[in-house]
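As the structure lists them, so they are numbered: ligands from 1, and atoms in each ligand from 1.
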Amino acid sequence: MERLVSNWYNHRALPESYICPPETRPGKLSIPSGDTIPVVNLGEALINRSNTILNVLRASQEFGFFQVVNHGVSEKVLNDTMNVVEEFFKMPMEEKASLYSEDPNKVCRLYTSNINYGTEKYHFWRDILKHHCHPLDDCIKLWPQKPTRYRDVIRTFSVEGKKLGLTILELLTEGIGLESGYFKKDLSEAMLLVANHYPPCPDPSLTLGLPKHCDPNLITILLQGHTFGLQVFKDGQWIGVQPLPNALVVNIGHQLRIVSNNKLKSAEHRAVTNSKVARTTVGLFISSSEDSIIEPAKSLTNAAQPPLYRAFRYKEFLSYYFSMMGDTELALQPFKLPFNQSVIS
Ligand code: OGA
Ligand code: NI
């Protein structure tokens with residue numbers, strides 16, 4: 001519990017154990033403008049569906065990242081969600097102590113830094129609340145009891161966020177030429193909520209909130225609030241994702257890259273910190289259940305476009321992914337089919 005950044009950061013210099021190696025340090029970044037990450041107006045789908053599909057598809061192929069507006073999740077739900085999660089992190093430590101755990105298998109837990117504080121070479125400037133959202137009626141009983149509105153507010157956000165995720169997946173399904181409803185059942189059955197909290201940091205140039213990574217799941221919906229901090233790695237450069245009022249950030253995860261046989265891109269991203277204000281983000285990670293078989297969709301492969309990955313259980317991938325955190329291509333390596341090197345390049 002003492003390890004939580006929010007527990008000790010006040011007025012202290014950055015501890016050495018939080019300093020990243022020079023090659024991964026953000027350095028003195030001028031805040032990049034985010035206008036290159038596409039913004040898709042999902043409301044347009046009602047009038048011109050084919051154009052919306054094209055926009056979502058292009059963004060997913062080129063960036064693996066986009067923001068959505070007019071997405072159907074109300075401003076009230078977004079504000080309630082951000083407020084209740086911010087309140088959670090602001091509560092006194094005693095109120096949160098029972099949730100703190102360093103056991104990655106605990107289904108609802110508060111922890112800090114990254115996957116394993118005890119074994120990582122250096123730490124990250126982040127506290128995390130993580131819990132399952134499926135099956136909702138079972139896991140809601142394990143969610144935080146305080147703030148008292150937490151369960152109600154997050155139930156609504158998770159249900160609406162999931163619906164939005166499925167809507168976007170359906171647009172992508174049509175866009176890449178898969179049969180309608182392809183992702184509706186097993187492949188999108190599970191969902192995790194991850195709330196990230198990045199307190200103000202004494203030296204944002206030397207540390208990261210979250211290292212470079214791709215999400216392992218199918219698709220992620222992120223409420224990033226008003227504060228800049230998310231960056232996407234594209235063509236050798238970090239691009240900022242501009243906070244926009246009432247927008248949600250969407251990114252493609254490895255699972256979707258694999259099922260789409262590389263038609264969609266899982267983009268590398270990271271979170272930087274700032275010295276002025278705390279930043280809180282709330283992500284919904286939609287995935288298959290851990291026992292599901294993941295493989296390139298049969299209808300997308302043929303002799304000319306052979307499958308680039310073998311079939312595997314999602315849990316097999318997850319355990320390898322977490323052991324390789326930080327190295328995107330290495331994490332995928334054992335799942336790639338041997339002959340595909342020449343095909344990919
Ligand atoms: C994540 C993530 C970005 C952010 O939790 O996987 O990429 O800005 N978060 O918090
Ligand atoms: Ni991520």
Side-chain angles (χ1 to χ4, degrees), residues 5-6 24 26 29 31-32 34 37 60 63-68 78 81-82 85-86 88-89 104 109-116 123-133 154 157-158 161 165 190-201 204 207-234 238-244 247-257 264-274 277-287 317-318 321-322 324-328 331-332:
V5 183
S6 42
T24 59
L29 287 169
I31 306 289
I37 296 289
S60 305
F63 293 85
F65 250 90
F66 51 98
Q67 304 206 56
V68 287
L78 299 182
T81 299
M82 185 51 80
V85 172
E86 283 179 351
F88 171 84
F89 283 107
R109 70 172 181 133
L110 174 64
Y111 61 108
T112 191
S113 189
N114 206 4
I115 292 149
N116 192 333
H123 306 308
F124 298 93
W125 195 262
R126 167 177 82 138
D127 295 335
I128 310 112
L129 171 68
K130 183 174 189 171
H131 59 64
H132 290 265
C133 300
I154 297 302
F157 179 63
S158 65
M191 192 164 76
L192 269 179
L193 178 139
V194 179
N196 300 293
H197 181 71
Y198 311 93
C201 174
T207 192
L208 285 168
L210 191 52
K212 176 162 108 171
H213 69 284
C214 282
D215 295 347
N217 51 298
L218 201 59
I219 196 165
T220 305
I221 311 278
L222 183 86
L223 174 61
Q224 76 154 340
H226 310 294
T227 311
F228 171 79
L230 176 59
Q231 298 180 326
V232 179
F233 196 60
K234 178 161 191 296
W238 287 104
I239 306 173
V241 182
Q242 185 87 36
L244 295 177
L248 287 160
V249 180
V250 180
N251 66 280
I252 306 302
H254 279 327
Q255 233 184 352
L256 191 44
R257 164 174 166 168
L264 305 176
K265 176 176 173 177
S266 51
E268 294 179 305
H269 54 286
R270 69 179 184 184
V272 296
T273 63
N274 78 82
V277 287
R279 174 169 182 264
T280 301
T281 65
V282 190
L284 293 172
F285 293 72
I286 299 173
S287 74
F317 176 70
L318 274 186
Y321 169 89
F322 285 120
M324 287 293 145
M325 191 64 183
D327 199 317
T328 305
L332 291 169

Below 30° counts as parallel, above 60° as perpendicular, anything between as tilted: where do the rings of His197 and Phe89 land? parallel

Pairs of donor and acceptor atoms involving the side chains of residues 222-230, under 3.5 Å and at least two apart or interchain, shall be tabulated with distances.
{"residue": "Gln224", "atom": "OE1", "partner": "Arg279", "partner atom": "NH2", "Å": "2.8"}
{"residue": "Gln224", "atom": "NE2", "partner": "Val241", "partner atom": "O", "Å": "2.9"}

To the nearest 0.1 Å, how far is atom 3 (C) of ligand 1 from its closest protein heavy atom, and which atom is that? Leu230 CD1, 3.8 Å

Any sub-3.5 Å donor-acceptor pair from His131's side-chain atoms to Leu192's backbone N or O? no

With a cut-off of 2.8 Å, which protein N/O/S atoms are close to the Ni ion (ligand 2), if we only count those under it? His213 NE2, Asp215 OD1, His269 NE2

Counting heavy atoms only, which part of Arg279 comes closer than 4.0 Å to ligand 1: side chain, backbone, both or neither? side chain

Working note: Leu78 + Leu248, criterion side-chain contact (heavy atoms from CB on, under 4.5 Å); need CA distance, chi angles, decisive distance, verdict. CA-CA 9 Å; Leu78 299 182; Leu248 287 160; 4.0 Å; yes

Heavy-atom check, side chain of Phe317 versus side chain of Leu332, under 4.5 Å: yes

Determine, for Tyr111 and Lys130, whether the Lys NZ or Arg CZ falls below 6.0 Å from the six-membered ring centre while staying within 45 degrees of the axis. no

For atom 6 (O) of ligand 1, what is the closest protein heavy atom, and at what distance to 0.1 Å? His213 NE2, 3.1 Å

Taking the non-hydrogen atoms of Arg270, is any one of them nearer than 4.0 angstrom to ligand 1? no

Nearest-contact summary for atom 4 (C) of ligand 1 - protein heavy atom, Å: Tyr198 OH, 3.4 Å

Relative to Phe124, does Arg126 satisfy both conditions: NZ or CZ under 6.0 angstrom from the six-membered ring centre, and within 45 degrees of the ring's axis? no

Ligand 1 atoms in contact with Leu210 (distance to a heavy atom under 4.0 Å): 1 (C), 2 (C), 5 (O), 7 (O), 9 (N)

What's the separation between atom OG1 in Thr280 and atom OH in Tyr198, rounded to the nearest 0.5 Å? 9.5 Å

I need the nearest protein heavy-atom contact for atom 5 (O) of ligand 1: residue, atom name and distance, please. Asn196 ND2, 3.2 Å

Out of curiosity, Asn196 CG to Thr281 OG1, how far, rounded to the nearest 0.5 Å? 3.5 Å

Honestly, for His269 the part within reach of ligand 1 (heavy atoms, under 4.0 Å) is side chain

Find all atoms of ligand 1 within a distance of less than 4.0 Å from any non-hydrogen atom belonging to Phe285, and give their numbers and elements. 1 (C), 5 (O), 6 (O)

Rounded distance (nearest 0.5 Å) linking atom CG of Leu110 with atom CD1 of Ile128: 8.0 Å

Heavy-atom distance under 4.5 Å between the side chains of Val272 and Leu208, does that happen here? yes

Can you tell which part of Asp215 has a heavy atom less than 4.0 Å from ligand 1: side chain, backbone, both or neither? side chain

